[in-house]
Amino acid sequence: MIRIQQLKLPVGHTKEQLLQKIAKMMRRKPEDILEYHIRKQSIDARKKQQISFVYTVDVKIEHEPGILKHLKSSQISKVEEVTYQFPVTAKGQPLKHSPVVVGSGPAGLFCAYLLAEHGYRPVILERGKCIEERTQEVEQFWKDNALNVKCNVQFGEGGAGTFSDGKLNTLVKDVKGRNRKVLEIFVRHGAPKSIAYESKPHIGTDILRDVVQNMRRQIESWGGTYLFDTCVTNLEFSQDKLAALLCKDQSTGKVIRIETTLAVLAIGHSARDTFEMLHQQGFQMEAKSFAVGLRVEHPQHMINENQYGQEAANKLPPASYKVTANLENGRGVYSFCMCPGGYVVNASSEEGQIAVNGMSYSNRDGNNANSAIIVTVTPQDFPGEGPLAGVKFQRELEAKSYHLGAGKIPQQLFGDFETGTNSVAYGGFASEVKGLHVFAPLHQLFPEEIQTSFCQGMHQFAKRIPGFDRKDAILSGVESRTSSPVRISRDESFQSNKKGVYPCGEGAGYAGGIMSAAMDGMKIAEAIACVYERPIHDMANATSCIRGTACIDLNKNILSNAKKTTEKRSSKELCNRYQKKKHK
């Protein structure tokens, strides 16, 4: 393949014009181009009067060596495509029990996907509901404010990222092709093909829900088993090695024991009760730095005009931005999870606490742009000491946010926030928000240094995006779940100090966002395959309910169904099938 970089075309160009441009760069006729693939597409808006699309394309053509010899351009080079390779399964001791993946967010989902694809028949435990029922729960919560602590924006199939913008960009260096493999799997299961080459790809929460559901069905067809409404409450060890997981069936209250020697902890950044349990069991972990702040809304047309200029503002996709500032006090302030044409959402998961996030649908057609503007915090800011001090810090802010808003999302205009004045009405635009909300004195929320840093950051960002610090910018609080407040230690084999337990993804402190979490899940699946053969039996673990209930054999009752090819089934059947079988 020959790669051409920095290939520019005007806004509104056609596919034919792109092919002609490729041919011209190659000094050939368009019909000489056997095929080409777009590897990257971005927008160059530095000159508002000459906005262009910029492409990197891989071209297949006959007599490549000779052509390359005569094409003297820094834009053109030979490229060897890196193809992702899952490791050959180890020829060692086969597993007696199937591996268990705890959590079905991107880390757990991609770990389970690769394990299932290569014959390991994983059991996936999810404390929340399947995506169909979870969506209903969340949308009802946004209407009536009645929180389900077991299933919400944080907990349930797909993880917290399911109710977000579905951004798929990452800064993780990728020399093994994991990044591209994640995108290919997403496309295979219903994501737009454009995510494979856009510079800032996103799916959108509406499409992402379907993709997650399709991946689940594929995992099931390969012999994987999902148990929803199932929360891990304890781990059993034998001779310092994992022996079993104890789980609570949240629909019945019964306790289930699952025998396994391998468990992947892809628990997400909000599984605070699980953090506490692991700490009590002696897992090595530490508090880590993260960031807190407020979700900030601006009119989307304002961002479009700033990024593209007035003439092109309505011709291009809704514009995004990324802003950062390093302050004299040592704090960093930056934008996080920017959602063009998006909504602020109530993302709470505990009673008496309020946390917010941002979300966009695939077409990003909301009136406002929003992002979290957050300030870095370190363990020195946390109350007390120990690995869970950051969790306590989050909880205190979220409880205060709940109190300020009397149980609703507290909002304030930036000008009033800065002067300590209560807001009484929106300014030049209204909030786009999912969840009950109310004006409240957000200026009382943070310690003084964090509040001052937030305001300084807003003013610095206005130097790049005029109007960013406009007095009627809408603030919503609190943005506290930017990343995990905990890191669970793991060694070179990706295991914790408790052998057989693999901390994974964002909740364990090794990722930040959908892509990096998915790639970390892939690493764990690879690590397992490098050491262990597939389970010796064709079926997964037998489990038993304790506290006086009968034993349940997953082999007969569940995985016989998982062997079947996927067919269309009702949402009710998909979500409750295992629970009904399990308790026969």
Side-chain angles (χ1 to χ4, degrees), residues 101-103 105-111 127 154-155 159-161 170-173 178 232 235 242 262-293 331-332 334 336-337 349-350 355 372 374-398 479-528:
V101 178
V102 184
L109 179 61
F110 275 83
C111 182
R127 67 194 298 163
Q154 306 296 340
F155 300 143
T170 178
L171 299 178
V172 175
K173 291 183 179 180
R178 294 189 186 100
V232 175
L235 289 79
L242 181 66
L262 288 182
V264 179
L265 296 183
I267 56 179
H269 59 38
S270 294
R272 294 164 174 173
D273 53 350
T274 307
F275 291 149
E276 292 167 352
M277 178 270 290
L278 296 174
H279 180 48
Q280 292 170 3
Q281 287 212 316
F283 279 77
Q284 293 177 359
M285 56 177 64
E286 61 182 357
K288 61 179 280 290
S289 300
F290 55 102
V292 297
R331 304 269 183 185
Y334 56 97
F336 171 79
C337 186
S349 62
E350 294 185 340
I374 49 179
V375 181
T376 55
V377 292
T378 70
Q380 286 69 43
D381 296 301
F382 305 158
E385 298 179 350
L388 302 182
V391 173
K392 184 177 181 182
F393 181 70
Q394 287 178 323
R395 279 177 163 155
E396 288 183 354
L397 285 176
E398 291 171 19
E479 184 87 28
S480 53
R481 310 284 183 94
T482 54
S483 66
S484 179
V486 171
R487 177 172 288 112
I488 305 172
S489 300
R490 65 187 190 190
D491 60 20
E492 298 84 1
S493 68
F494 297 95
Q495 296 181 79
S496 70
N497 61 307
K498 305 283 188 177
K499 296 308 174 187
V501 180
Y502 293 77
C504 178
E506 187 164 349
Y510 296 97
I514 292 173
M515 289 299 292
S516 61
M519 292 164 68
D520 199 59
M522 295 172 71
K523 291 178 184 177
I524 301 300
E526 294 161 13
I528 291 172

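Considering all non-hydrogen atoms of both residues, Gly293 and Ile374 come closest at N-CG2, 3.7 Å. The minimum heavy-atom distance between Ala527 and Ser493, with the atom names listed, is CB-O, 4.1 Å. Nearest heavy atom pair, residue Val292 against residue Ser480, reads CG1-CA, 4.2 Å. Counting all heavy atoms, side chain and backbone alike, Val101 lies closest to Cys111 at CG2-SG, 4.4 Å. Counting all heavy atoms, side chain and backbone alike, Ala107 lies closest to Gly505 at CB-CA, 3.7 Å. Contact between Gly108 and Ala266 at its shortest, heavy atoms only, is N-CB, 3.4 Å.
Considering only heavy atoms from C-beta on, Pro383 comes within 4.5 Å of Glu396 through its side chain. Side-chain atoms of Glu276 and Leu388, non-hydrogen and from C-beta on, do get closer than 4.5 Å to each other. Here the side chains of Lys288 and Pro485 are not in contact, with every heavy-atom distance at 4.5 Å or above. With a 4.5 Å cut-off on side-chain heavy atoms, Tyr502 and Leu265 do not count as touching. Using a 4.5 Å heavy-atom threshold, the side chains of Phe382 and Val391 count as separate. With contacts defined as side-chain heavy-atom distances shorter than 4.5 Å, the pair Asp273/Arg127 qualifies. Between Ser496 and Ser489, every side-chain heavy-atom pair lies at or beyond the 4.5 Å cut-off. Using a 4.5 Å heavy-atom cutoff, the side chains of Thr170 and Ile514 are not in contact.
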Point to revise | Worked check of side chain to side chain contact (heavy atoms under 4.5 Å, CB included) between Glu350 and Arg395 | key: CA-CA 9 Å; Glu350 294 185 340; Arg395 279 177 163 155; 2.9 Å; yes
Exercise for review: Give the intermediate values and the outcome of side chain to side chain contact (heavy atoms under 4.5 Å, CB included) for residues Ile528 and Val264.
Suggested key: CA-CA 10 Å; Ile528 291 172; Val264 179; 4.0 Å; yes
Point to revise | Trace of the side chain to side chain contact (heavy atoms under 4.5 Å, CB included) decision for Glu479 with Phe336 | key: CA-CA 10 Å; Glu479 184 87 28; Phe336 171 79; 4.2 Å; yes
Check your understanding: Between Thr274 and Val232, is a side chain to side chain contact (heavy atoms under 4.5 Å, CB included) present by the stated rule, with each step listed?
Key -> CA-CA 8 Å; Thr274 307; Val232 175; 5.7 Å; no
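Using a cut-off of 4.0 Å between Lys/Arg side-chain N and Asp/Glu carboxylate O, Arg272 and Glu398 are scored as salt-bridged. Asp491 and Lys499 are joined by a salt bridge, as a carboxylate oxygen and a charged side-chain nitrogen come within less than 4.0 angstrom of each other. The pair Lys392-Glu385 fails the salt-bridge criterion, with no side-chain N (NZ, NE, NH1 or NH2) lying under 4.0 Å from an Asp/Glu carboxylate O. With respect to the salt-bridge test (charged N to carboxylate O, under 4.0 angstrom), the residues Lys523 and Glu492 do not qualify.
Between the side chain of Ser484 and the main chain of Gly507, a donor-acceptor pair closer than 3.5 Å is present. Panel note: side chain Arg487, backbone Glu286; no donor-acceptor pair is recorded below 3.5 Å. Gln495 places a side-chain N or O within 3.5 Å of a backbone atom of Gly500 that can act as its donor or acceptor partner. In this structure, the side chain of Asn497 engages the main chain of Gln284 through a donor-acceptor pair within 3.5 Å. A side-chain donor-acceptor contact under 3.5 Å links Gln281 to the backbone of Leu235.
Ring pair Phe393/Phe290 is perpendicular by interplanar angle, where above 60° counts as perpendicular and below 30° as parallel.
Using modelled atom types, one finds a donor on one side chain and an acceptor on the other under 3.5 Å when comparing Arg481 with Ser270. Side-chain atoms of Ser349 and Gln154 include no donor-acceptor pair closer than 3.5 Å.
Taking the centre and axis of the six-membered ring of Tyr510, the NZ or CZ atom of Arg490 falls inside the cone set by 45° and 6.0 Å.
Rounding to the nearest 0.5 Å places CZ of Phe110 at 7.5 Å from CE of Met515. The CD1 atom of Ile488 sits 4.5 Å away from the CE atom of Met285 when rounded to the nearest 0.5 Å.
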